[in-house]
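The structure appears right after this line, and notes come after that.
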Amino acid sequence: MNTATDSAGRHRWLTDEEQRVWRAYLHATYLLEDHLDRQLQRDAGMPHIYYGLLVGLAEAPRRRLRMTELAMKAKITRSRLSHAIARLEKNGWVRREDCPSDKRGQFAVLTDEGAEVLRRTAPGHVAAVRQALFERLTPEQQKTLGEIMEMWGRRAAAPTAGGGPGAD
């Protein structure tokens, strides 16, 4: 529900069309996330969020990131990240290293075994993404979706006076 107010201070609810689009977006994103989670659980025994953490580390210089930076990049709390890293450590896919310049800081480091898990898992994950999303869209729809998501992402990431995503 949109609780923005109009110039008279009244709540501006979503129109019927806005409500339809919003609910379609939520439904589709839930289904896509569930599909990708199931594929990754089946193929690698991990949820989608863990896969994203491994990818983030694989793309980082020297396959390592400060824990706070990884949490911000993944858009999860430090507590949730700590739990996830503990599970990934147990699997041997990640290790923690103390930060030499900050005694309270730690790095998450992708191990060789973790990199191998990504190498084996990535083709199936790409196939799942392609099947669930891209094969269902025309090239023109893919382009439009990309443009919309890029625009929304830029606005949502921009600092706002109201503190909410995309507030202008």
Side-chain angles (χ1 to χ4, degrees), residues 21-100 102 104-159 164-166:
V21 170
W22 174 241
R23 289 186 181 183
Y25 167 81
L26 287 177
H27 183 68
T29 56
Y30 291 156
L31 291 174
L32 180 60
E33 186 64 28
D34 181 62
H35 175 74
L36 297 177
D37 242 7
R38 283 185 284 115
Q39 176 269 320
L40 286 165
Q41 285 288 356
R42 181 187 65 240
D43 293 355
M46 76 174 100
H48 193 216
I49 187 72
Y50 290 13
Y51 182 83
L53 294 171
L54 294 178
V55 169
L57 291 172
E59 293 174 344
R62 297 175 43 216
R63 298 188 328 198
R64 62 191 286 136
L65 283 173
R66 297 258 328 218
M67 293 282 283
T68 52
E69 186 178 351
L70 185 57
M72 287 181 359
K73 183 176 181 154
K75 301 292 185 220
I76 61 175
T77 64
R78 288 184 301 200
S79 172
R80 186 170 179 203
L81 175 67
S82 184
H83 176 74
I85 293 298
R87 294 288 308 270
L88 293 169
E89 279 182 303
K90 186 176 177 182
N91 291 341
W93 301 343
V94 171
R95 72 174 179 275
R96 293 181 213 222
E97 291 180 357
D98 290 333
C99 178
D102 176 4
R104 295 181 304 168
Q106 285 191 316
F107 287 99
V109 182
L110 181 68
T111 64
D112 290 342
E113 188 177 343
E116 178 59 21
V117 166
L118 271 180
R119 188 194 66 71
R120 285 193 321 262
T121 306
H125 184 63
V126 170
V129 169
R130 184 176 306 285
Q131 181 271 328
L133 182 63
F134 294 105
E135 289 178 0
R136 297 168 189 243
L137 300 174
T138 66
E140 183 176 295
Q141 289 170 325
Q142 291 177 28
K143 182 176 187 262
T144 300
L145 179 62
E147 290 169 351
I148 291 168
M149 294 294 102
E150 287 169 357
M151 179 276 306
W152 193 88
R154 280 191 306 274
R155 286 188 177 180

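The figures that follow rest on heavy atoms only: side chains count, while hydrogens, waters and symmetry mates do not. On a predicted model such as this, the values are computed, not experimentally measured, just so you know.
Taking the salt bridge (charged side-chain N to carboxylate O under 4.0 Å, His left out) definition, one finds that D98 meets it with nothing, sequence neighbours left out. In this structure, the side chain to side chain contact (heavy atoms under 4.5 Å, CB included) partners of R63, at least two apart in sequence or on a different chain, are L110, D112, A115. The salt bridge (charged side-chain N to carboxylate O under 4.0 Å, His left out) check on R130 picks up nothing, with sequence neighbours excluded. Residues forming a side chain to side chain contact (heavy atoms under 4.5 Å, CB included) with R119 (at least two apart in sequence, or on another chain): E116. Annotation: ring pair (Phe, Tyr, Trp, His ring centres under 6.0 Å) contacts of Y30 (sequence neighbours excluded): none. Taking A128 as the reference, H35, L36, Q39 meet the side chain to side chain contact (heavy atoms under 4.5 Å, CB included) condition, with sequence neighbours excluded. Applying the salt bridge (charged side-chain N to carboxylate O under 4.0 Å, His left out) criterion to R23, with sequence neighbours excluded, gives no partner residue.
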Cut-off 3.5 Å, no hydrogens considered: what does the side-chain donor-acceptor table look like for residues 72-80, sequence neighbours left out?
unit_1, atom_1, unit_2, atom_2, d
T77, OG1, R80, N, 3.0

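The list of ring pair (Phe, Tyr, Trp, His ring centres under 6.0 Å) pairs with a residue in residues 113-147, not counting sequence neighbours, reads H48-H125, Y51-H125. The stretch residues 136-149 participates, sequence neighbours left out, in these salt bridge (Lys or Arg N to Asp or Glu O under 4.0 Å) pairs: K143-E147. Listed by first and then second residue, the salt bridge (Lys or Arg N to Asp or Glu O under 4.0 Å) pairs involving residues 38-62 are D34-R38 (not counting sequence neighbours). Applying the salt bridge (Lys or Arg N to Asp or Glu O under 4.0 Å) test to pairs two or more places apart or on separate chains, those with a residue in residues 83-93 are E89-R96.
Interatomic distance, CG of L145 versus OG1 of T138, reported as 10.5 Å (0.5 Å rounding). Here CG of L53 is found 5.5 Å from CD1 of I85. Values are rounded to the nearest 0.5 Å. The CD atom of Q141 sits 10.5 Å away from the CG atom of L133 when rounded to the nearest 0.5 Å. Between R95 atom CZ and L88 atom CG the span is 13.5 Å, to the nearest 0.5 Å. A distance of 4.0 Å separates CZ of R66 from SG of C99, quoted to the nearest 0.5 Å. Between I49 atom CD1 and L40 atom CG the span is 11.5 Å, to the nearest 0.5 Å.
Minimum interatomic distance between T111 and G92 (heavy atoms only, all atoms of both residues): OG1-O, 2.6 Å. L70 and A108 get closest at one heavy-atom pair: CD2-CB, 3.9 Å.
The shortest distance between side-chain heavy atoms of L54 and M46 falls below 4.5 Å. Between L57 and V109, every side-chain heavy-atom pair lies at or beyond the 4.5 Å cut-off.
Within the 3.5 Å criterion, the main-chain N or O of L118 finds no donor-acceptor partner in the side chain of T121.
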